[in-house]
Amino acid sequence: GENVEQHPSTLSVQEGDSAVIKCTYSDSASNYFPWYKQELGKRPQLIIDIRSNVGEKKDQRIAVTLNKTAKHFSLHITETQPEDSAVYFCAAYIGAGSYQLTFGKGTKLSVIP
Amino acid sequence: DAGVTQSPTHLIKTRGQQVTLRCSPKSGHDTVSWYQQALGQGPQFIFQYYEEEERQRGNFPDRFSGHQFPNYSSELNVNALLLGDSALYLCASSLTGGSQYFGPGTRLLVL
């Protein structure tokens, strides 16, 4: 099965509402979990990341939470704005000592003005 | 401070040909990873280079090869191109073990 599963695949929210994207991973040895935002025709942009010794990390309107026991992590965007519309990817290193960053399939977020 | 750069931005090749893509890492970074991103999909790991050696490889055939130079820049070579190799090729640089930052990508079309 997939090493990193991401849900939902699409998400529409009204401007000002919150958006939550969830990812699960298969390898309990994973210890680094980045989130990328990719606008159409552009490069993936690192927006926040978390390491396994931290349960939550915030950066202005963006936060990531990590539950190592359940092997899932989530991206939370508050007070969404139209410019938040993009595809968001979660990722994780799968396998002890791995340098291979494995990505989820992405979530297309649409923020409706 | 320049970010990650890639060249060329676009490329059109025919089946069976060979292609070389180039990547210059962000200043201070010593590690380069290459990814293939098909339309509508997440990036797929091809391999990672560190200290001029391939450190780890993803599930890609030997037609995909690479190189890292002493200045940390890197090349991705693909031989015997197939139609299915059409994709956006991304490189990402990092300090080993650190966060990865992507370049703008090279869009390859194989006809």
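To find a chain, count down the sequence lines: A is the first, B the second, and so on, and within it residues start at 1.
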- Query: Can you say whether Tyr35(B) sits under 4.5 Å from chain A via the side chain, the backbone, both, or neither, judging by heavy atoms?
  - Reply: side chain

- Item | chain B contact via Pro34(A) - which portion, at a heavy-atom distance below 4.5 Å | neither

- Which residues pass the side chain to side chain donor-acceptor pair (under 3.5 Å) test with Gln37(B), sequence neighbours left out? Gln38(A)

- Quick one: NZ on Lys105(A) to CD on Gln41(B), what's the gap to the nearest 0.5 Å? 6.0 Å

- Return yes when atom NZ of Lys13(B) has more than 12 non-hydrogen atoms of other residues, nucleotides or ligands closer than 6.0 Å, and no otherwise. yes

- How about Glu52(B): does its CD atom have over 12 heavy atoms from other parts shown lying under 6.0 Å from it? yes

- Message: Please determine whether the number of non-hydrogen atoms from other residues, nucleotides or ligands lying under 6.0 Å from atom CD of Gln56(B) exceeds 12.
- Response: yes

- Task: Give a yes or no on whether Leu83(B) atom CG has more than 12 heavy-atom contacts from other residues, nucleotides or ligands under 6.0 Å away.
- Result: yes

- All heavy atoms of Arg51(A) vs all of Gly98(B), minimum pair found to be NH2-CA, 4.0 Å

- How close do Leu101(A) and Phe45(B) get, heavy atom to heavy atom, and via which atoms? O-CB, 3.9 Å

- If you draw a 6.0 Å radius around CG in Asn59(B), do more than 12 non-hydrogen atoms from other residues or ligands fall strictly inside? no

- Item | Within 6.0 Å of CG in Leu111(B), more than 12 heavy atoms from elsewhere | yes

- Co-membership, hydrophobic cluster, residues Leu76(B) and Val4(B), 4.5 Å side-chain: no

- Is there a chain of hydrophobic side chains (I, L, V, M, F, W, Y, each step under 4.5 Å between heavy atoms) that links Ile47(A) to Leu109(A)? yes

- Looking only at heavy atoms, which two atoms of Tyr99(A) and Gln100(B) are closest? And how far apart? O-NE2, 4.4 Å

- Query: Got a second to check how far Tyr101(B)'s OH is from Arg43(A)'s CZ, nearest 0.5 Å?
  - Reply: 12.5 Å

- Item | Proximal to chain B - members of residues 81-89 of chain A, heavy-atom separation under 4.5 Å | Phe89(A)

- Count the heavy atoms of every other residue, nucleotide or ligand shown that sit under 6.0 Å from OH of Tyr93(A), and state whether that count exceeds 12. yes

- Which atoms of Thr102(A) approach chain B - backbone, side chain, both or neither, heavy atom under 4.5 Å: neither

- Flag if over 12 foreign heavy atoms under 6.0 Å of NZ, Lys68(A): yes

- chain A shares the most heavy-atom pairs under 4.5 Å, among Gly105(B), Pro104(B), Gly42(B), with Pro104(B)

- Query: From Ser99(B) OG over to Leu46(A) CG, what is the distance, rounded to the nearest 0.5 angstrom?
  - Reply: 5.5 Å

